[in-house]
Structures are given as structure tokens and as C-alpha cells.
Amino acid sequence: MAGPGAPCDPRAPAAVWKRHIVRQLRHRDRTQKALFLELVPAYNHLLEKAELLAKFSEKLKSEPKDVTSTPRQDSREKVSETGPGQVSSPASLRVKWQQEKKGLQLVCGEMAYQVVKKSAALDTLQSQLEERQDRLEALQACVVQLQEARAQQSRQLEDRQAENAALREAYKTLLEQAAHQEAALRRLQEEARDLLEQLVQRKARAAAERNLRNERRERANQARVSQELKKVAKRTVSISEIPDTLEDGTKEEALAPAAMPEFLESETCEKRKRPFRSASATSLTLSRCVDVVKGLLDFKKRRGHSVGGAPEQRYQSIPVCVSAQIPSRAQDVLDAHLSEVNAVCFGPNSSLLATGGADRLIHLWNVVGGRLEANQTLEGAGGSITSVDFDPSGSQVLAATYNQAAQLWKVGETQSKETLSGHKDKVTAAKFKLTRHQAVTGSRDRTVKEWDLGRAYCSRTINVLSYCNDVVCGDHIIISGHNDQKIRFWDSRGPHCIQVIPVQGRVTSLNLSHDQLHLLSCSRDNTLKVIDLRISNIRQVFRADGFKCSSDWTKAVFSPDGSYALAGSSDGTLYIWDVNTGRLETSLQGPHCTAVNAVAWCFSGNHVVSVDQGRKVVLWH
């Protein structure tokens, strides 16, 4: 520790340090002097006693001669001993002085011992003082270093304070700019919302006008055909002029409906050159012709093209997975969206993935080396994304939104290509059909619509009697799952429901196997059901302890080879069942902390992706 008066400033001049050293030396002298203050008087007293003793010793050596030579002194001594003053004899004085000498010698010895003891203590104190001085010098050097460090830290603190002040000013400026930009963004969002509403309204009006024009055109065509049929019915035709191929269905289908009136008219002209056979034969022939024409027209109306036309154009088939691999671990975990993730779908090449969420965005991801790499963000959705689907070619993405519409994007373009508007409530499902340029949407307005994507208009509306939560499409069939705990089957060539399969619990999702022989349904009774479409009956019911369907849009899927069924639970666990045995194959836990909304299994069978209500997208291998 520094003594009193230690300097605080390491930059003090040399004179101050000299004064400080002098004060320290004087302090040490005072401390050492105090140790000898008691010893010096005793030593002086001892010296006085020694001198007095020496004097008495010399006196006693000379006194015996005087006493023996003068007998008068003896008498005097006797007189003095007996006299009033009682003067002591030399012998008594000698004894007394010897006693005092012995006492003084004892005192001198004791004083000498004390001197030696005090000298040893003084040496010890001197060594302690030297140690403390060395320690003091070390501490003073440390103090100097600390003061220098303190000065450096003070300078750094001042610099940091200046930097902080500058950063604070810059932060305030950025806050003001952010506030202005947020205000501008809100204005732009409002303008974009208004423009989107206007666009949707215009699309709706255009679709309505187009549907109206199509209906008018269809009614005009029907009226024209009816007039032609009436004209044909008024003419007489010989039965011999109708070839026998009318009995044969193949040649009858080779005639185009538009050519039928001309055919009948030519037959009528030839009839005038031939003899009339009978009235009954003529009426029979006309009735058969009318039936043929009506059958051809009905077939045209069902199929949407002429009987002799080319078949519907289809996508190339997606390769079939021979054996799917059951995932065992999470390879990649991402916070992909700003809010809840509702939908996920793999592209046909298994390397492209699409996710859609409540933030109105669709993110495209590339699966590279067991990781998800961001590819593209599709913008322009008018509401929360509820369903995402790739077309079989992988070049287009179709999404259902809560904005009462479905939207179409082309991969590689960020803005929406088409908006399919016409529903009156939230669109919950949007799926491509296997035929090109056709799609199906389901909504909570109790309708399912078929769309011609080439012309972006609704080609057909089906009233499905209940809230529709999901739809799937086969070759010539549309299957819809509903809130009234029923699965309905619709023939795409007819307006009526062809079959209803009741299930327990509201249907949340449907998934069709690749061979279109089995249908997987997920419902709110916390079960998955496999329906055999060949016998239209439930084949398997999957349950598990802990499995709970979390919402009305929870999605379950088949594995690409159809051997397993996969679904996510409300506790974030993935459950996989074996379709053939019906037992629970495995359950996967880990990254998900909230309810799993949807799952997807890639067509190669190697990867599974799950999305949840906490913004996470997890890639499993």
C-alpha cells in the first residue's frame, strides 16, 4: 500500500518524487527512534551506576589502611556508630556496595540481554521494512501501470462515447427514414390492395362475361341444332338409304355432329330419286337418326370436343418410385416464412420444393446435398396460402388463397400469371388435372370449380352441398372431402355425384395414390383411412397414441410407392404407418415445437418435408 502523501499523478515532476522519498526516510527514522526511546534512558542509568560503583571501589581499596593506622578513628567510628548519627563502618559499606554491584551487574546483564533482543527485533523490523519498501515499490509500479491503463481506457471511453453519439444520431436518422418508408410502404400496400381488388373484380367480371358469352354461344348452338333437327324431322327419308353401320357403334362415332344435318339432307335428296318404301320404315329411320344425333351431341357436351376429334392432351407420366425410404433424422431446419406455414409440395423432379404460408408468399427451394437452398419467391397472392400444387411438368405452380381465388405462377416468374376468381368464400384447395391446361378448386362456398387455364375461365361449377376442405383429381373423376364428414365422388363428364362415402370426423385432406387405386383421407377424429377405390370401401384405419389432427387443413400423404402413410400431429411429431400391415412403422420427433400443418414425400422416395405453425420447414432423410 502507498504511504501517506503518495503521489497520484504519474506525470509529476522529479522534485515531487524527491520530496516524497525524503518524507519516507524521515518517517522511517521516527519509527526506528521510537523503538530506542525506552532503551536509551535505561542504558544511561546503567552507565551512571557503573561510574558510581567504580568510584566506591577505589575508595574502599584505600580505606582499610587508614583504619588500621589510627586507633583514634576506631574510637570515632565506634562513637559514630553509637552516636546519634550512627555512621556505618567501612566493612558494612563494602558489603553494601558489593550487593549493589551485584545488583547492578544483574541489571547490566539484563539490559545487555534486552539490548541484544532489541537489536534482533530491530533487524527483523528492518528486514520487514525493506520487504515492505520493495513491495511498495512494486505496488507503486503497478499503480503507475494501472494509471496508464486507466488513462488509455479513459481515452478509449471518450472515443467510444463519441462513436456512440454519432451512431445514436445515425440511428435516429434511420428511424425517421424507416418511419417514412413504412408510411410509404403502407400507402403502396393499400394501393396494391386496391389494385388487386380492382384486378380481381375485373377478372371476375371478365370471367362472368366470358361464361355468359359461352353460355349464349352454347344456347345458340343448341337452338341451331334443334332447328336443324326439326327440319330434318320434317323430311322423309327411305330406310334403305341409311346404311347398316347405324347398327354398328364404331362407324356411328366416326361422324361429326356438325356434319349430321348435311348428311341427312343429302340422304333426303337422294331419296327423291328412289322409290318410297313405307311410312313405318321412314318414321323408324328418322327416329334412329334423331337418336344418333342426340347421342353424339350429348357425348360432345360431356367430353368438350367432337367425337372425331383428337383425344385430350395429357402430361407426360411421372416416374413411379419402386421403393420409398422411411426417414429417420432431420437434415435441415429453416425458419422459412414470417408466420404460419400451411402448405408444402414437391415438384415432379424431387429437387424442387414449394412452401406457402399465411404471409402470402410462396418460396421455392432446391434440395441440394441434403440441404434446402432458396431458389425463388413468388409474390402477389391476395391472401393466406392454403394449398400449393405443381403441374405434372413442374413448370407451373397453383395456389389456393383466402382471398376467394386461386392464383397461377410460372416457375421463373415472380408475379402471378393468372388469377382464377369466382368463388364467394375462402378457397381451400387447388389442384392440377392430369390433362393439360385444366385445374380444379374447392371452396368453403360449397362449390367445386373446373377451370380452363388456357383461357382462364370457369368451365364448370359443381354444388357439393358442404364446406369443401380438399380435392383430388383422377382420370375422369373428382373427389372432394367435406365438413359434413363425407367424401363425394364426381364424374368429370356428368353433373351429378356418383358416390358418397361417410367417415367419422371432418375431412381435412385427401391424397390419391400414384396408381389411382387407393385414397388416403385425414379427419378430425384423429384417424387416417385408406379407401380402396376398386370396391369403394375403407380398407385400413390408422390410429396412434399421441396422434392428434390439429386443424381443418392438416394434410396427410401416401409415400410415392403407396406402401406408407405419413401425417403430422399437433405436438410436432410425424407418424408413419405401413399400408399393408396397418401398424405404426415409426414416429419422428425433434425440430417441431408446434403443430405440423402439412407434409410432402418426394417422388424419388428419399426425402420428406414437414411444415408447422411456428414458421419452420424441416427436411427429413
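Note that the coordinates shown come from a computational prediction; the quantities given were computed from them, not determined experimentally.
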Is it the case that [X] and [Y] place a side-chain donor and acceptor less than 3.5 Å from each other?
| X | Y | answer |
| --- | --- | --- |
| Glu340 | Asn597 | yes |
| Asn375 | Asn366 | yes |
| Ser523 | Lys529 | yes |
| His363 | Thr355 | no |

Quick one: [atom1] on [X] to [atom2] on [Y], what's the gap to the nearest 0.5 Å?
| X | Y | atom1 | atom2 | value |
| --- | --- | --- | --- | --- |
| Asp561 | Ser323 | CG | OG | 5.5 Å |
| Leu528 | Ser509 | CG | OG | 7.0 Å |
| His592 | Ser569 | NE2 | OG | 11.5 Å |
| Asp612 | Ser570 | CG | OG | 12.0 Å |
| Thr31 | Gln126 | OG1 | CD | 10.5 Å |
| His27 | Asp29 | NE2 | CG | 10.5 Å |

Show, in sequence, the C-alpha distance, side-chain angles and deciding distance for Gln140 and His20, and conclude whether the side chain to side chain contact (heavy atoms under 4.5 Å, CB included) test is met.
CA-CA 13 Å; Gln140 287 178 349; His20 172 66; 3.6 Å; yes

If you count heavy atoms of other groups shown closer than 6.0 angstrom to [atom1] of [X], is the number above 12?
| X | atom1 | value |
| --- | --- | --- |
| Arg160 | CZ | no |
| Asp545 | CG | no |
| Tyr402 | OH | yes |
| Glu100 | CD | yes |

Under 4.0 Å between a side-chain nitrogen and a carboxylate oxygen: does that hold for Lys548 and Asp571?
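A salt bridge is absent here (no side-chain N lies under 4.0 Å from a carboxylate O).
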
Is it true that Asp335 and Lys616 have a side-chain N and a carboxylate O under 4.0 angstrom from each other?
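Salt bridge between Asp335 and Lys616, a charged N being under 4.0 Å from a carboxylate O: no.
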
Look only at the side chain of [X] and the backbone of [Y], and say whether a donor-acceptor pair between them is shorter than 3.5 Å.
| X | Y | result |
| --- | --- | --- |
| Gln404 | Val427 | no |
| Gln376 | Gly412 | yes |
| Gln407 | Gly380 | yes |

Could you check Leu378 against Val397 for side chain to side chain contact (heavy atoms under 4.5 Å, CB included), going step by step and ending with a plain yes or no?
CA-CA 9 Å; Leu378 306 181; Val397 177; 4.2 Å; yes

By side chain to side chain contact (heavy atoms under 4.5 Å, CB included) - contacts of Leu372 (at least two apart):
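Asp332, Leu334, Leu353, Trp365, Val367, Val617, Leu619.
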
Which heavy-atom pair separates [X] from [Y] by the least distance, and what is that distance?
| X | Y | result |
| --- | --- | --- |
| Val599 | Val557 | O-CG1, 3.6 Å |
| Asp578 | Thr581 | CB-OG1, 3.2 Å |
| Trp97 | Leu53 | O-CD1, 3.9 Å |
| Ala354 | Leu364 | CB-CD2, 3.6 Å |
| Phe346 | Phe603 | O-CE1, 3.8 Å |
| Gly383 | Arg360 | O-CG, 3.4 Å |

Classify the angle between the aromatic ring planes of Tyr575 and Trp577 as parallel (below 30°), tilted (30 to 60°) or perpendicular (above 60°).
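The rings of Tyr575 and Trp577 lie parallel, inter-plane angle below 30°.
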
With the side chain counted from C-beta on, respond yes when [X] and [Y] share a heavy-atom pair under 4.5 Å apart, and no when they do not.
| X | Y | answer |
| --- | --- | --- |
| Gln415 | Glu379 | yes |
| Leu398 | Trp409 | no |
| Gln613 | Ser550 | yes |
| Ile326 | Ile576 | yes |
| Val341 | Val344 | no |
| Cys522 | Cys549 | yes |
| Pro327 | Leu588 | yes |
| Phe542 | Phe547 | no |

According to the side-chain hydrogen bond (donor to acceptor under 3.5 Å, both in side chains) rule, which pairs have a member within residues 185-194, sequence neighbours left out?
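Every pair satisfying side-chain hydrogen bond (donor to acceptor under 3.5 Å, both in side chains) with a residue in residues 185-194: there are none.
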
Name of the residue among Thr554, Asp470, Thr428 meeting side-chain contact (heavy atoms from CB on, under 4.5 Å) with Thr508:
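Only one of Thr554, Asp470, Thr428 forms a side-chain contact (heavy atoms from CB on, under 4.5 Å) with Thr508, namely Thr554.
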
Partners passing salt bridge (charged side-chain N to carboxylate O under 4.0 Å, His left out) against Arg583 (at least two apart in sequence or in another chain)
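Listed in chain order: Glu585.
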
For a side chain to side chain contact (heavy atoms under 4.5 Å, CB included) check, start with the C-alpha distance between Gln156 and Gln153, then their side-chain angles and the critical distance, and finish with the verdict.
CA-CA 5 Å; Gln156 292 180 358; Gln153 294 287 342; 3.6 Å; yes

Side chain to side chain contact (heavy atoms under 4.5 Å, CB included) evaluation trace for Leu174 with Gln177
CA-CA 5 Å; Leu174 290 175; Gln177 294 178 358; 3.7 Å; yes

